[in-house]
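Note that these values count all heavy atoms, side chains included, but never hydrogens, waters or copies made by symmetry.
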Amino acid sequence: VVTFPGSLDDADAARAVTIAGGEAVSLWHGDDDVKNVDAVVLPGGFSYGDYLRCGAIARFAPVMDTIIDAAHRGMPVFGICNGFQILCERKMLPGTLRKNKNLTFICDIVRIRKIQTNKLYVLPMAHGEGNYYHSNPSEVNVAYRYVYDINGSVENIAGIYNDEGNVLGIMPHPERAFKRYHHSEDGIEIVKQFMEK
């Protein structure tokens, strides 16, 4: 789990990995080593304060070069919220994430549907720039869609894969849906699916 200056969900992501049966390893944005991990999580938060655009500065972090090389060799990479924004800024995933259609920060519980299985998941979301855009969405490998238009995302896209299927970006927060008091425990399944790639 990578920590950038301004990350706030790195501890939650590490806890989710552990609860899902993995061993969480802390990675630092300024390092060029990923410590021989089997997969990488780019957590939510406000990396580098989200100055310029969300993820625009984090894409230059030294650790990202190593992550890109590892992803090219097939390592799974999971970007959640700000992590999704970073993956798009670094062109590891296509498209971009813009300001929400109503120009406000959205903090809510949403339903998303996994495209492969048609299964519904209930997850929290919290973002100001989660409006996914691609000029030709038919070219995008959609992983999840919102059940209804929540933020203006083209075709209600909530998460996407790269062409190889080992890089996943998602805007809602599965790492915040692990306990009954979270209103959902659906996040466990999503994190486990990622870890089993």
Side-chain angles (χ1 to χ4, degrees), residues 1-13 29 40-61 63-64 67-68 77-115 120-163 167-177 182-184 186-187 190:
V1 178
V2 179
T3 298
F4 298 93
S7 293
L8 58 83
D9 292 323
D10 47 344
D12 287 340
H29 72 108
V40 170
V41 178
L42 302 178
F46 302 91
S47 57
Y48 297 91
D50 277 348
Y51 294 111
L52 301 182
R53 292 180 313 278
C54 295
I57 299 175
R59 68 179 169 161
F60 295 116
V63 75
M64 290 304 298
I67 291 171
I68 288 172
V77 178
F78 189 14
I80 303 169
C81 197
N82 190 234
F84 185 10
Q85 294 162 338
I86 294 167
L87 291 172
C88 288
E89 285 288 333
R90 194 61 195 256
K91 306 303 181 196
M92 293 178 69
L93 290 174
T96 189
L97 289 141
R98 308 182 299 184
K99 290 188 181 297
N100 296 334
K101 65 177 181 178
N102 56 4
L103 302 181
T104 62
F105 190 90
I106 299 173
C107 185
D108 205 348
I109 304 294
V110 296
R111 295 181 185 274
I112 62 172
R113 187 182 306 279
K114 185 174 183 179
I115 301 307
L120 283 173
Y121 296 93
V122 176
L123 298 175
M125 68 185 304
H127 59 252
E129 296 182 30
N131 176 354
Y132 179 77
Y133 177 77
H134 190 284
S135 58
N136 190 354
S138 64
E139 296 178 355
V140 177
N141 298 311
V142 179
Y144 300 94
R145 293 187 197 276
Y146 299 107
V147 172
Y148 59 92
D149 181 9
I150 187 76
N151 57 17
S153 290
V154 62
E155 296 186 357
N156 292 338
I157 292 173
I160 64 172
Y161 288 109
N162 65 343
D163 288 341
V167 178
L168 168 63
I170 186 172
M171 280 313 293
H173 289 268
E175 82 285 8
R176 295 183 187 173
H182 289 157
H183 303 286
S184 168
D186 291 349
I190 291 173

Separation between [atom1] of [X] and [atom2] of [Y], rounded to the nearest 0.5 Å:
| X | Y | atom1 | atom2 | result |
| --- | --- | --- | --- | --- |
| N131 | L97 | CG | CG | 8.0 Å |
| F60 | I86 | CZ | CD1 | 12.0 Å |
| L93 | L168 | CG | CG | 8.0 Å |
| Y146 | I157 | OH | CD1 | 10.0 Å |
| R98 | S153 | CZ | OG | 9.0 Å |

Do [X] and [Y] have side chains that get closer than 4.5 Å, going by heavy atoms?
| X | Y | value |
| --- | --- | --- |
| D12 | P43 | no |
| Y132 | V154 | yes |
| I190 | L123 | yes |
| C81 | H173 | yes |
| D149 | K101 | yes |
| M171 | V110 | no |
| I106 | M125 | yes |
| R90 | I67 | no |

Determine whether more than 12 heavy atoms belonging to other residues, nucleotides or ligands lie under 6.0 Å from atom [atom1] of [X].
| X | atom1 | answer |
| --- | --- | --- |
| R111 | CZ | no |
| K91 | NZ | no |
| K99 | NZ | no |

Chi angles and distances behind the side chain to side chain contact (heavy atoms under 4.5 Å, CB included) call for L87, E89: CA-CA 6 Å; L87 291 172; E89 285 288 333; over 6 Å; no

Within the distance-only criterion (no hydrogens, no angle test), does the side chain of [X] pair as donor or acceptor with the backbone N or O of [Y] below 3.5 angstrom?
| X | Y | result |
| --- | --- | --- |
| Q85 | E129 | yes |
| D186 | V122 | yes |
| R145 | E155 | yes |

So which atom in [X] and which in [Y] form the shortest heavy-atom distance, rounded to 0.1 Å?
| X | Y | result |
| --- | --- | --- |
| N162 | N141 | O-ND2, 3.2 Å |
| H127 | N151 | NE2-ND2, 3.0 Å |
| I80 | P172 | CG2-O, 3.6 Å |
| F105 | A126 | CZ-C, 3.5 Å |
| V1 | A13 | CG1-CB, 4.0 Å |
| A61 | Y48 | CB-OH, 3.8 Å |

How far apart are the C-alpha atoms of V2 and M64, what are their side-chain angles, what is the distance that settles it, and do they pass the side chain to side chain contact (heavy atoms under 4.5 Å, CB included) test? CA-CA 10 Å; V2 179; M64 290 304 298; over 6 Å; no

Which of N82, L8, L42 passes side chain to side chain contact (heavy atoms under 4.5 Å, CB included) with S47? Answer is N82

Between F4 and H29, what is the ring plane arrangement, given parallel below 30°, perpendicular above 60°, and tilted in between? tilted

